Amino acid sequence: MDLYSTLTRTVEPLVTLHPDKVYLFVCGPTVYDYSHLGHARTYTVFDVLARYLRWTGKEVFYLQNITDVDDKIINRAKEENVSQPALARKFEREYLRDMHTLGINAVSYYARATTHIPEIIDQVERLIAKNVAYVTENGVYFDLDTFDGNGELSGQERAKRVSRVTDASKHNPNDFALWKTGEYGEYTWDSPWGRGRPGWHIEDTAISEKYFGQQYDIHGGGLDLIFPHHEAEIAQMESLEGRHPMVKYWMHTGFLTVKGEKMSKSLGNFITIRDALKTWNPDVLRYFILLSHYRSPLQATDEGLANAAKGLDHIRAVAKKDNGANPEGRKAFTDAMDADLNTPMALAAIQSLAASGDIEALREYGAILGINFLRETSAPLSVLHEIRNELRARKQFEVADLIRERMVAAGISITDAPL
RNA sequence: GCCAAUGUGGCGGAGUGGUUACGCGGCUGAUUGCAGAUCAGCUCAAUCCCGGUUCGAUUCCGGGCGUUGGCUCCA
């Protein structure tokens, strides 16, 4: 399989550090609010990546962190007059529920920042010992002047203002916090530098180092994390022992936009996953997301979703008779997936598999994409269908139509064959 | 200002140095208790602009313009 890496800006064959094993780390959300369609996109993409790699026979350790200590959480908890842990746990639960609904189930392990404080403190201590970090009265900062590789990922030379904290105690405005001393309510811990809490970037490297070591295969996340977050991760991790690159394949998903603007919590233009699910079912959402390549921008519009719903319906309507394997169609599918996870092309292959009636492939590939391409026929439903057909055969159309009307109202589409 | 992504038909959205997927929509016919769906066929139609390389560029190179984003928390 070939993958595009932001680090080299090219598509390269995936060569993992250990044959047949893939270590995949994806930045999870900060749990201070409901997740929106932008999150749905990113996590659907990596869900499909992990499923596909596993399908090809690789053992995938898919690690995702949950940022549950952060300014946003502190502020939000204060606003809502609840404790930080209560707020974080609540939105973590909601996040996981949304993921479950969307069929996102490939993550091997979710790691909370707050349950890895000893690892974080340990990593900060080692960075200080390496003389790449220094202690001030406000906390511990990373000394960016010691790291030559900064800017390699984002293309920004000598990246400026990595930290949002303007703190006179810093040697350089670019330096970012590893540990912030102070009292921050429930989420404050003792450390060699005084009570406080971790900086944003250090949690990811502490967690990934614990489970993967200092080098691993794929690091994913949204495009918005390249700078400064991922740059900072590289600086931290590669400063420990100088292993370079910390990660060879940096995968970044394109933005989901609404009316031409990026969907984000700060802009307030976001559509939450649960709201979207009121109108569209999870299969349609996944189909819509995979209809465009993961690095392209994707417009969230009702027309686009409706288009996706119709397209998926079409596949299900066509895929009826089992005509056996369609080797060209199968090869087209895997070729597309191998080509930097080209899901739009893979879905084109699905169309031809449906048209030719390769039911087995549709079932198998549907499991990779997390989409059911076959019409569901539960036992009660098929009984209902049988009864309707019997009624139609007896020309009792009034009752048959009533049943159809009710079923459609309940969201179950019906296709009658000619009598 | 610096950095990055992106710019394809009525719409969504791929690939490609020469014949441009796939879907949605549109049209015609078949089929049909009706609706829908399906089947056959059709139409339709696009590669931001200007240069360069080339027999030939939408594709490669250079420049420009537009859009979105990053430089502040963000998937």
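Quick caveat: nothing in here was measured; it's all calculated off a predicted structure. We name chains A, B, ... by the order of the sequence lines, and we start the count at 1 in each one.
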* Among the nucleotides A21(B), C34(B), A75(B), which one has an atom lying closest to any side-chain atom of Leu256(A)? -> A75(B)
* Asked: Has Glu360(A) got more than 12 heavy atoms of other residues, nucleotides or ligands less than 6.0 Å from its CD?
  -> no
* Asked: Got Met263(A) and Ile271(A) here, is their nearest side-chain heavy-atom distance under 4.5 Å?
  -> yes
* Taking the P atom of each, how far is C71(B) from G9(B), in whole Å? -> 31 Å
* To do: Please evaluate the base of G36(B) for a donor-acceptor partner in the side chain of Arg404(A) within a cut-off of under 3.5 Å?
  => no
* Asked: Hey, does Gln351(A) reach any base, or is it just sugar-phosphate, or nothing, if we go heavy atoms under 4.0 Å?
  -> sugar-phosphate
* Which part of the nucleic acid, if any, lies within contact of Gly28(A), taking any heavy atom under 4.0 Å across all strands shown: a base, the sugar-phosphate backbone alone, or nothing? -> sugar-phosphate
* Side chain of Asn307(A), base of G25(B): donor and acceptor closer than 3.5 Å? -> no
* Asked: In the strands shown, is A5(B) matched to any nucleotide by a Watson-Crick or G-U wobble pair with both distances under 3.5 Å, and which?
  -> U67(B)
* Nearest-angstrom distance, C1' atom, C48(B) to G7(B) -> 6 Å
* Asked: Is Gly221(A) touching bases, backbone alone, or none of the nucleic acid, heavy atoms closer than 4.0 Å?
  -> sugar-phosphate
* NA contact type, Val318(A), heavy-atom cut-off 4.0 Å: base, sugar-phosphate, or nothing? -> sugar-phosphate
* Should we say atom CD of Glu398(A) is surrounded by more than 12 heavy atoms from elsewhere, each under 6.0 Å from it? -> no
* Structure fact -> When both distances are under 3.5 Å in a Watson-Crick or G-U wobble arrangement, the nucleotide paired with C24(B) is G10(B)
* In the strands shown, is U38(B) matched to any nucleotide by a Watson-Crick or G-U wobble pair with both distances under 3.5 Å, and which? -> A30(B)
* To do: Tell me the partner of U58(B), counting only Watson-Crick (N1-N3 plus N6-O4 or O6-N4) or G-U wobble (N1-O2 and O6-N3) with both under 3.5 Å; none if nothing fits.
  => none
* **Distance, rounded to the nearest Å, where Leu305(A) contributes CG and G25(B) contributes P** => 15 Å
* Asked: Of all the choices, C34(B), G25(B), A75(B), which nucleotide is nearest to the side chain of Arg392(A) once you look at every atom?
  -> C34(B)
* Say you pick atom P in C24(B) and the same atom in U59(B); how far apart are they, in whole Å? -> 30 Å
* Contact class for Leu347(A) (heavy atom, under 4.0 Å): base, sugar-phosphate, or nothing? -> nothing
* Rounded distance in Å - CG (Leu391(A)) to C1' (C34(B)) -> 15 Å
* To do: Measure the distance from NE2 on His201(A) to P on C73(B) and round it to the nearest whole Å.
  => 7 Å
* **Distance-only donor-acceptor test (3.5 Å): side chain Lys72(A), base C73(B)** => yes
* Asked: Whole-Å distance between A14(B) P and Phe288(A) CZ?
  -> 11 Å
* Across the strands shown, which category fits Tyr43(A) at heavy-atom distances under 4.0 angstrom: base, sugar-phosphate, nothing? -> sugar-phosphate
* Other residues, nucleotides, ligands: >12 heavy atoms within 6.0 Å of Arg363(A) CZ -> no
* Atom P, compared across G29(B) and G69(B): separation rounded to whole Å -> 48 Å
* Answer yes or no: is there a donor N or O on one side and an acceptor on the other, between the side chain of Arg112(A) and the main chain of Ile66(A), under 3.5 Å? => no
* Asked: Now, which nucleotide makes the Watson-Crick or G-U wobble pair with C73(B), with each of the two distances under 3.5 Å?
  -> none
* Asked: Is the closest side-chain heavy-atom distance between Glu386(A) and Leu391(A) below 4.5 Å?
  -> no
* Comparing His229(A) and Gln299(A) on RNA chain B - which has the more 5′ nearest nucleotide -> Gln299(A)
* Asked: Parallel, tilted or perpendicular: which fits the ring planes of Phe61(A) and Phe212(A), with parallel below 30° and perpendicular above 60°?
  -> perpendicular
* Report yes or no: is the ring centroid of Phe255(A) under 5.5 Å from the six-membered base ring centroid of G69(B), with the two planes under 30 degrees? => no
* With a 4.0 Å cut-off on heavy atoms, is Leu291(A) in touch with a base, just the backbone sugar-phosphate, or nothing at all? -> sugar-phosphate
* To do: Under a 3.5 Å limit for both distances, which nucleotide forms a Watson-Crick or G-U wobble pair with U53(B), could you say?
  => none
* Asked: Quick one: is the NZ or CZ of Arg197(A) closer than 6.0 Å to the six-membered ring centre of Tyr187(A), and within 45° of its axis?
  -> no
* To do: If U47(B) has a Watson-Crick or G-U wobble mate with both distances under 3.5 Å, name it; if not, just say none.
  => none
* Structure fact -> Atom CG of Asp224(A) and atom P of U6(B) are separated, to the nearest Å, by 16 Å
* Return the value, rounded to whole Å, for the distance between atom NE2 of His293(A) and atom P of U8(B). => 16 Å
* **Spacing of Leu298(A) atom CG relative to U6(B) atom P, expressed in whole Å** => 14 Å
* Gap in Å between the two P atoms, one belonging to G25(B) and one to G18(B), rounded -> 31 Å
* P atoms of G23(B) and U43(B), separation to the nearest Å -> 15 Å
* Asked: According to the Watson-Crick and G-U wobble definitions, with both distances under 3.5 Å, which nucleotide is paired to G15(B)?
  -> none
* Spacing of the C1' atoms in C11(B) and U47(B) (rounded, Å) -> 16 Å
* With a 4.0 Å cut-off on heavy atoms, is Arg9(A) in touch with a base, just the backbone sugar-phosphate, or nothing at all? -> sugar-phosphate
* **Nearest-angstrom distance from the residue atom CG of Asn342(A) to C1' of U16(B)** => 13 Å
* Asked: Contact class for Pro344(A) (heavy atom, under 4.0 Å): base, sugar-phosphate, or nothing?
  -> base
* To do: Let me know, please, whether His314(A) or Thr30(A) comes out on the 5' side of the other along RNA chain B by nearest nucleotide.
  => His314(A)
* Whole-Å C1' distance, U6(B) and G12(B) -> 16 Å
* Structure fact -> The nucleotide from U6(B), A75(B), G70(B) with an atom nearest the side chain of Pro297(A) is U6(B)
* To do: Answer yes or no on whether Arg295(A) is positioned over the face of Tyr4(A), meaning its NZ or CZ is under 6.0 Å from the six-membered ring centre and within 45° of the axis.
  => yes
* Are OP1 or OP2 of A14(B) and a side-chain N or O of Ser296(A) less than 4.0 angstrom apart? -> yes
